[in-house]
Amino acid sequence: MRIFPILLLLGITQLQAAGLFGPDRDANGNIVPTPKGEFCIEPAEVMRRDHMNLLLHKRDQTVYDGIRTKKASLNECIACHVTPDETGKVARADEEEFFCSSCHVATSVSIDCFDCHADRPLEMIENAKIDEQPFTSGKPYTLLKSSDLQQ
Amino acid sequence: MSTQRYQALASSSAFKTSLIVGLLVLGIAGFAAFNMEHEGHYITGMSNQVVWGIPHVFAIFLIVSASGALNIASIASVFNKDFYKPLARLSAVVAIALLVGGLAVILLDLGRPDRLLIAMTHYNFGSIFAWNIILYTGFIGIAAIYLWTMLDWQVERFKRLAGIAAFSWRLVLTAGTGSIFGVLVAREAYQIAIMGPMFIVLSLGYGQAFYLIVIGLFMDERQLSKISERLSRLMVMMILYGLAASVIYHLSNWLLFDARQFEHYLLYSETVFPLLLWGVHLVIGSILPIWLLRSGSGPIKLILSGSLVIIGGIAQFYSLIIGGQTFPMPLVEGYEATSSFFDGVIVSYSPSSWELMLGSGGFAIALLLIVFCLRLFRLLPVDR
Amino acid sequence: MSQINQYRRKFLGAASAAFTGLSIAPGILLQTVHAKANDEAVTSKQRWGLLIDTNLCEPGCTDCIDACNQENGLRDIHGPETDAQWIRKVTLKHQKTGHVLNMPVMCQHCAEPPCVDVCPTGASFKRADGIVLVDKHICIGCRYCMMACPYKARSFIHEKLTDQLPHAPRGKGTVEGCTLCVHRIDRGENTTACTQACPNGAMTFGDLKNPESEISQKLAQHSGKELRAKLKLDTGVRYQGIQG
């Protein structure tokens with residue numbers, strides 16, 4: 001009766017999809033946030049295997065040649081794959097619920113993309129501007145005004 | 001021809017003490033490095049104005065000293081002086097150890113030390129810094145081969161060749177290190193024609209100072225008494241050469257180049273630099289050790305004078321590296337500038353304890369490497 | 001791919017309308033600007049630059065700086081010693097005549113940039129269209145470019161950053177500086193945040209290689225000086241109104 005655990009798993013996945021067990025998880029138990037769009041730039045199999053190569057290629061095209069098309073642009077990935085959950089919360093890069101982190105934590109592949117790159121689309125950042133968490137230094141979030149600096 | 005015999009260092013108290021002190025300082029440095037990388041450089045005294053702080057002062061001093069430490073071996077093999085031949089092995093070890101110590105500090109002070117692999121795989125061959133990375137790693141390799149030819153009788157016939165290669169390489173290396181500053185046309189403190197040659201001359205004294213400390217600590221007194229007088233005389237000469245190079249540097253800034261104000265800043269202003277140059281570099285780091293070395297010999301005097309020369313050298317490199325950055329750059333000729341970004345003003349810099357801890361790690365690595373090699377290999381000469 | 005082509009067609013259509021050089025109001029002639037399409041690689045046919053008229057730069061005004069900080073997400077963190085400043089307002093006073101100059105100073109986008117010469121990994125680079133940038137993916141944070149820059153135009157990121165903007169990635173341990181709003185240029189916009197923000201029109205952005213461009217016309221008329229011209233770096237940012 002090998003089929004039984006799979007059926008059970010499918011059942012759990014169904015329950016999760018209904019929002020009873022927190023975020024969506026795939027058969028391996030990894031969190032899968034719901035993307036915004038209908039389809040990705042390549043089939044899921046290709047993306048799983050090659051997303052880093054696509055990103056790397058696009059990265060150099062953008063940095064050196066100023067090519068900023070949407071395909072394989074990190075910002076476009078974020079715009080589609082970083083979505084609020086049912087409570088309206090958006091997972092951040094250091095959380096397991098974040099789109100990239102869910103697999104990268106499971107596979108123990110650390111990435112430093114989000115040390116520099118935004119982990120949310122622009123509109124979410126601007127919405128969050130007013131009651132943003134303070135910086136690690138404990139200083140409040142303020143836009144730098146040069147008049148604040150000593151002359 | 002008599003065959004010189006060598007022995008490894010016994011597990012003496014000097015060995016054990018060095019090991020403990022070295023590991024302790026290394027641990028502290030590792031903690032500091034971790035903290036600096038985790039928090040970011042804001043916890044240091046470095047800023048957008050003084051981008052290279054005390055860690056660079058220590059690191060560049062160690063790297064310059066490394067090439068100078070090979071000098072004893074070069075006198076033996078390249079210039080064929082028999083007296084120095086028993087001392088050559090240790091000289092190569094000290095050179096490698098100092099260079100590794102200096103490089104470790106530079107690496108750990110990077111903004112992204114985790115990208116060491118990128119530094120090794122992406123080369124901009126137009127950059128003197130990239131060339132220096134090749135020169136440093138190459139030096140470690142060539143000095144190691146040279147050491148091998150001295151340790152293994154089977155390859156002894158290549159000793160002179162390896163010695164000449166190491167000597168030539170180290171001249172280029174030190175000139176290259178000086179040129180890191182020499183190519184900075186933006187800053188008046190550094191002139192290409194002076195920096196390379198000056199670093200070569202300075203390296204002689206500083207490298208030998210480290211060598212004196214090492215033999216003072218680890219060589220038995222009977223052996224030491226045979227060589228200390230001649231080494232002391234050599235050291236005095238090297239200090240004088242170094243002083244002459246400093247005088248030429250400051251004089252050329254004053255006379256030939258358009259950097260008189262900068263010289264005024266270094267030598268006669270109400271900053272720390274005149275104290276460092278006149279007091280520490282000239283009096284404590286040059287005159288005092290000369291007097292010590294001429295007043296007799298003995299391990300304590302060698303260690304003490306070597307340490308004083310090193311302190312003086314660090315003071316000199318501090319004024320060169322930090323002084324060059326804190327002095328304002330002109331933006332428009334004839335105009336005095338003010339801004340929110342410290343234009344037109346002398347910038348303040350005070351090294352944080354993190355930086356001092358990280359910087360001393362370089363010395364600890366060098367010390368540990370030296371005592372390990374002394375214990376592993378037969379480097380110290382003994383009578384037949 | 002079809003989506004991209006569709007997008008491109010739309011864009012080129014809009015661009016060709018701009019090409020015709022029609023005037024939108026009497027006296028204002030739209031220039032024949034080659035606006036870059038998103039999928040087009042930059043070329044050396046352009047060289048982007050800025051012209052700053054110091055006579056129009058008002059003392060105490062920091063609009064260009066505020067706009068730059070807003071545009072690129074620069075914030076006050078640990079104080080002016082370590083915070084990034086891509087553009088700063090400099091006040092200069094002539095030592096003899098007392099003549100006062102006000103000007104914003106940013107990366108001068110040199111044709112012969114010392115930062116590019118010294119960078120060990122090649123992270124500091126000059127794009128084909130003359131913009132000097134840092135490829136932060138291969139920057140190791142050695143800060144040698146900051147030692148080499150005659151204009152103190154570069155900043156090192158001294159702490160962990162959060163809430164960077166999608167078009168302006170920045171992060172701890174790397175060096176950065178004015179990008180000449182490269183994300184706007186790549187979109188085909190013919191301006192920068194600072195230029196747009198200046199209330200007096202003291203700043204002109206444009207293509208130095210195009211003799212028809214506003215910046216070239218102004219330079220042809222009144223010329224413009226380079227900061228620290230002795231160093232012969234052929235800067236892309238020029239200044240008007242400097243005496244002597």
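Chain A is the first sequence line, chain B the second, and so forth, proteins listed ahead of strands; every chain is numbered from 1.
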Side chain from CB out, backbone as N, CA, C, O: work out which of these in [X] comes under 4.5 Å of a heavy atom of chain B, or both, or neither.
X	answer
Leu231(C)	side chain
Val116(C)	backbone
Lys232(C)	neither
His137(C)	backbone

Out of [options], return the one with the most heavy atom pairs under 4.5 angstrom to chain C.
options	value
Ser127(B), Gly40(B), Ala119(B)	Ser127(B)
Thr44(B), Ile43(B), Asp109(B), Leu116(B)	Asp109(B)
Ser348(B), Gly126(B), Pro330(B)	Pro330(B)
Gly344(B), Pro113(B), Ser47(B)	Ser47(B)
Leu110(B), Ile118(B), Leu107(B)	Leu110(B)

Should Met147(C) and Phe181(B) be marked as a side-chain contact (heavy atoms from CB on, under 4.5 Å) after you check the CA-CA gap, both sets of side-chain angles, and the distance that decides it? CA-CA 9 Å; Met147(C) 289 291 281; Phe181(B) 297 95; 4.2 Å; yes
For residues Ser155(C) and Phe341(B), report the shortest heavy-atom separation together with the two atoms involved.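 Smallest interatomic distance, heavy atoms only, reads OG-CZ, 4.1 Å.
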Closest contact, heavy atoms only, Tyr42(B) versus His78(C):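 It is CE1-NE2, 3.3 Å.
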Could you check whether the rings of Tyr144(C) and Trp52(B) sit parallel, tilted or perpendicular, using 30° and 60° as the cut-offs? parallel
Between [X] (side chain) and [Y] (backbone), is there a donor-acceptor pair under 3.5 Å?
X	Y	value
Gln85(C)	Ser340(B)	yes
Arg143(C)	Val50(B)	no
Arg88(C)	Ser339(B)	no
Asn124(B)	Pro120(C)	no
Lys172(C)	Gly111(B)	no
Arg115(B)	Cys139(C)	yes

N-O pairing of Lys89(C) and Asp343(B) below 4.0 Å: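 No.
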Glu39(B) and Lys160(C) ion-paired at < 4.0 Å: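 Looking at Glu39(B) and Lys160(C), the cut-off is not met.
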Does any backbone or side-chain atom of [X] lie under 4.5 Å from a heavy atom of chain C? Answer side chain, backbone, both or neither.
X	answer
His38(B)	backbone
Met46(B)	both
Asp114(B)	neither
Val185(B)	both
Phe125(B)	neither
Ile180(B)	both

Best-contacting candidate, [options], against chain B by heavy atom pairs under 4.5 angstrom:
options	answer
Val100(C), Thr82(C), Ile140(C), Ile138(C)	Ile140(C)
Gly122(C), Ala148(C), Cys119(C), Pro114(C)	Cys119(C)
Arg154(C), Lys96(C), Lys230(C)	Lys230(C)

Is the closest side-chain heavy-atom distance between [X] and [Y] below 4.5 Å?
X	Y	answer
Lys152(C)	Val51(B)	no
Thr338(B)	Val90(C)	no
Asn48(B)	Met146(C)	yes
Glu81(C)	Val347(B)	no

